[in-house]
Amino acid sequence: MWLRAPAREARAAPPLSRDRIVAEAIALLDEEGADRLTMRRLAERLGTGSTTLYWHVKTKDDVLDLALDAIFAAVQIPGEGGDWRADITALISGWHAVLLAHPWSAALLGRPMLGPNVLARSEFLYGTLVAAGVTEPHLTAAAYGLSNYVIGSALMQATWTAREQGARQAAREHFRADQDRYPALATHGPLAKDGDWQTSFTIGLTWLLDGIQAGAAEEASTES
């Protein structure tokens with residue numbers, strides 16, 4: 001929706017705003033998930049009719065685009081002049097926290113992400129990597145690696161947390177019964193042992209940044 005011209009104004013402006021629509025959509029998504037969002041249900045929650053709702057948003061996809069971009073406003077952009085690793089850690093950690101606060105969101109991030117909040121944070125990520133000396137083709141690989149890591153981590157945690165206890169117990173029984181085939185998973189696998197999601201995420205992010213830093217240093221030494 002970000003590349004389309006704005007919708008025309010209603011002839012008789014209804015008592016409804018896009019901000020209110022988006023806020024109610026996020027509330028519905030948080031409570032019930034993306035599968036339960038329909039334009040009819042959203043209109044009912046807003047106390048209006050679907051026709052009035054369509055004055056502001058054309059489709060359900062538009063609502064999802066707006067909702068996704070809106071939640072990214074909560075991801076703080078670090079100030080200028082900081083350490084690049086600390087800045088990226090803060091950005092990615094904030095992104096991770098927002099995705100977990102809205103469990104429906106990570107599964108929808110395959111959509112075109114062209115809203116102003118997302119673009120501002122993507123611009124900061126790319127700009128910070130460039131300032132750290134990361135150039136192509138490593139720049140795109142680093143940005144994609146960080147983005148894919150935070151999305152995948154949040155998606156896994158959001159998916160498993162709701163059913164984790166039952167799944168963990170079933171996995172342990174399965175690995176015990178087949179320990180000869182899966183010895184590493186039976187002893188160390190994430191479903192075989194009680195783990196700390198946040199600690200694992202932080203360690204993984206640190207390793208990614210270690211690799212990016214090492215690559216940038218190697219590239220700089222090659223050019224000098």
Rounded to the nearest 0.5 Å, the CD1 atom of I26 sits from the CD1 atom of I21 at a distance of 12.0 Å

**OP:** Decide yes or no for L64 and D61: does some side-chain heavy atom of the first lie under 4.5 Å from some side-chain heavy atom of the second?
**Re:** yes

State, yes or no, whether a side-chain contact exists between L146 and L205 at a heavy-atom distance under 4.5 Å.
yes

For this session: Spell out, yes or no, whether L155 and W104 are grouped together once hydrophobic residues are joined by side-chain heavy atoms under 4.5 Å, including indirect joins.
Result: no

Contacts of E123 meeting side-chain contact (heavy atoms from CB on, under 4.5 Å) (sequence neighbours excluded), chain-then-number -> none

Looking only at heavy atoms, the pair that brings A158 and L100 closest together is N-CD2, 4.4 Å

Tightest non-hydrogen contact, residues F72 and L68, listed as CD1-O, 3.0 Å

Output for pair (Y54 OH, T48 OG1), nearest 0.5 Å, gives 12.5 Å

So NE2 of H102 and CG of L29: to nearest 0.5 Å the spacing works out to 9.5 Å

Could you go through residues 37-45 and list every donor-acceptor pair under 3.5 Å that involves a side-chain atom there, pairing it with any protein atom two or more places apart or in another chain?
| residue | atom | partner | partner atom | Å |
| --- | --- | --- | --- | --- |
| T38 | OG1 | R41 | N | 3.0 |
| R41 | NH1 | E32 | OE1 | 3.0 |
| R41 | NH1 | R36 | O | 3.1 |
| R41 | NH2 | E32 | OE1 | 3.3 |
| R41 | NH2 | E32 | OE2 | 3.3 |
| R45 | NE | E24 | OE2 | 2.8 |
| R45 | NH1 | E31 | OE1 | 3.1 |
| R45 | NH2 | E24 | OE2 | 2.9 |
| R45 | NH2 | E31 | OE2 | 3.3 |

**Asked** Is there a donor-acceptor pair closer than 3.5 Å between any side-chain N or O of D69 and the backbone N or O of D65?
**Response** no

What one should report as the nearest heavy-atom pair of P78 and A90 is CG-CB, 4.1 Å

Quiz item: Quick one: do I203 and I151 end up in the same hydrophobic cluster if we chain Ile, Leu, Val, Met, Phe, Trp and Tyr together by side-chain heavy atoms under 4.5 Å apart?
Solution: no

dist M113:CE -> L108:CG (nearest 0.5 Å) comes out at 9.0 Å

All heavy atoms of A70 vs all of N117, minimum pair found to be CA-ND2, 4.1 Å

_Could you check whether any side-chain N or O of Y149 sits under 3.5 Å from a backbone N or O of F201, counting only pairs where one atom can act as donor and the other as acceptor?_
yes

Donor-acceptor contact below 3.5 Å, side chain S93 vs main chain T89:
yes

Under a 3.5 Å distance rule, please check whether H56 uses its side chain to pair with a backbone N or O of L16 as donor and acceptor. yes

G94 and V75 have their tightest heavy-atom pair at O-CG2, 3.9 Å

field: Minimum side-chain heavy-atom gap V63-L53 below 4.5 Å
entry: no

Sorted by chain and residue number, the salt bridge (Lys or Arg N to Asp or Glu O under 4.0 Å) partners of D210 (sequence neighbours excluded) come out as R85

Q | Test log, rule side-chain contact (heavy atoms from CB on, under 4.5 Å), inputs S105 and V98 | A | CA-CA 9 Å; S105 58; V98 164; 5.8 Å; no

Evaluate the criterion side-chain contact (heavy atoms from CB on, under 4.5 Å) for residue pair T52 and L46; output intermediate values, then yes/no. CA-CA 10 Å; T52 301; L46 288 162; over 6 Å; no

Item to complete: Treat each ILVMFWY residue as a node, draw an edge where side-chain heavy atoms are under 4.5 Å apart, and state whether Y144 and W207 are in one component.
Response: no

Query raised in the report: Taking atom types as modelled and ignoring hydrogens, do the side chains of Q157 and S153 form a donor-acceptor contact shorter than 3.5 angstrom?
Result: no

What one should report as the nearest heavy-atom pair of L129 and W84 is CD2-CZ3, 4.5 Å

